[in-house]
Amino acid sequence: MCGIFGYLGSRPLLETLLSGLRRLEYRGYDSSGIGYVEGGALRILREKGKIASLAEVADSVQTKATAGISHTRWATHGVPEKRNAHPHLSFDGKIAVTHNGIIENYRELKERLQKAGVAFQSETDTEVIAHLIAKNYQGDLYKAVAATLPLLEGAYGLAILAADEPDLIVGARKGSPLVIGVGEGEMILSSDTAAIVPFTKNVVYMNDGELVTLRRDHYQLTSLHAGPRKAEVSSLSFDVGMIEKKGFEHFMLKEIFEQAETVANAYRGRILPDEGNVKLGGLNFTAADAKAVRRAVIVACGTSWHAALVGEYLLENLAGLPVEVDYASEYTSRNCILEDGTLFLAISQSGETADTLSALREARTKGAKTHGIVNVVGSTIARETDGGIYLHAGPEIGVASTKAFTSQVTALVLLAVYFGRLRLLPSEDARRILTALTKIPEQIQHILERAQTLKDMAARYLDGHHALYLGRSYNFPVALEGALKLKEISYIHAEGYPAAEMKHGPIALIDENMPVIVVATKGDTYAKVLSNIQEVRARKGRVIAIATEGDKDIAAASDEVFYVPETLPMLAPILNVIPLQLLAYYAAVARGCDVDQPRNLAKSVTVE
Ligand code: AGP
């Protein structure tokens, strides 16, 4: 959720901290703040609202300070008000803390501090950390932080300043990501590599349980349990251009239009056309491991969960593997049995989603081998799994996930072919699937060229308060994804349903005011979906159908049809989701919504 950006070096401090925060704003944006040391005292600037409000205040401030911390907030404890914005100061004004995560025992700690006479200024959990560090501070910030952390239960990513040690930042990580940017004569501590890449591509990923002391030309990593660590410096694989809008009005639109390229990136170098097979080196599977797989369990959240549902059909149909898909948060509430031969798969664009990470760690405690389908290289889920498939989709900045979904489905197609070829999928069938997959980017481009048609449809149909999305088989998860896109960026209530299931209740909602988007491309269930459309129309529902080019029957049954190129039903979700992404986008823009930073949302949900 929130974003942390700390800097030590000779650049203009406030301007540098603000530039870092702006690259983190998509992670949370209800309030923000900056802290630095000037004249032996801590200075704090904090404002409610977006970074622009903080920038207005900072513009009138001059400082020669060379170290500072900053934070953009997604409220967990305490309303989005200035008093709850970070950094939080200790009772003596000597310690400033910015924090991502949740301190689960903060009430108990707060009561203890209040009994000791400490007055609190906020309703946040974070404030207790500042007071506790100050209580432990005897001139060495690192030692004070190390003495405090064992008192904290829950998750934290911390960046901390002390008034008496002006050119030092101490960081600590447990369950919420922190990355060190190692520059020339400057250091950065951030919750996200997107804020580091404009300064340097050299990064060090912190592990859970580690602290770091940062000076402008030196960093020292230490684990609370294992002592100092000489960490290897990694090089980021993307550049600033990939986190700019490049002329698009919103990151979301840019990322929708990147999908021809990002789907190709997801399969590039992984298809063996002559053998009718795939190469997925990142799985770290031995042939024996792979052949021993008897079932799959997939956990994820949100859009990634929708991709997981497509993966269920793919793995069952191509590899004959029984598959269980669960919301990650529900998985940890169950006592799911993981026998030998279970492929445990976590799907996550950010690789930092707390619910998914928690499910992954639960599986690992049960001894399961775990794998990830992740976009962000070096993210926690990527580093805590035994292997996996990177999406190579580049940074996804828009809060509403788009290119990640199509790349996740592409990766799942490759995975299903991989296991299929070990079990029952003939090479000829695999070759046919993979050949069709390599045609998808061009077909995506053909859809994107007709974006204006979708903009017009959105204006005609998606201006009300509700919408229903229907689909069957491979297209059922697509219906769910279309509904999620619409509700999370336009705030129109939308539900996705299996097309047949609509008869068992939701049909009561159908009237002339209910737009019904039906994903009705050719496949085994087409005839039944056509019947479902007619059931909707018989009740005056207004139907937008997503259909296969050349379909002669659908137009007579629908109010509007958007045609997509023909592909195999198992690949259709990659194409069919794109018109739904654009319908949601244009509906949200028409309603004046903040498409890239929708209210109440954040890009990576790093709290459970
Ligand atoms: C999707 O548009 C949402 N932003 C959200 O549901 C997201 O998919 C979910 O939080 C999972 O995120 P992850 O893929 O980074 O784990």
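As the structure lists them, so they are numbered: ligands from 1, and atoms in each ligand from 1.
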Neighbour list for ligand 1 [protein residues, heavy atom under 4.0 Å]: Cys301, Gly302, Thr303, Ser304, Ser348, Gln349, Ser350, Thr353, Val399, Ala400, Ser401, Leu484, Lys485, Glu488, Val605
Geometric cation-pi criterion Arg599 and Tyr491, 6.0 Å radius, 45° cone: yes
Side-chain heavy atoms of Arg173 within contact of Tyr156, under 4.5 Å: no
Steps toward salt bridge (charged side-chain N to carboxylate O under 4.0 Å, His left out) verdict (Glu330, Arg334): CA-CA 7 Å; Glu330 285 306 304; Arg334 297 171 47 198; over 6 Å; no
Minimal non-hydrogen separation, Thr356 against Ala346, with atom names: CG2-CB, 3.9 Å
Taking every non-hydrogen atom, the tightest pair across Gly101 and Ser176: N-OG, 4.3 Å
Polar contact flag, side-chain donor to acceptor under 3.5 angstrom, Thr521-Asn576: yes
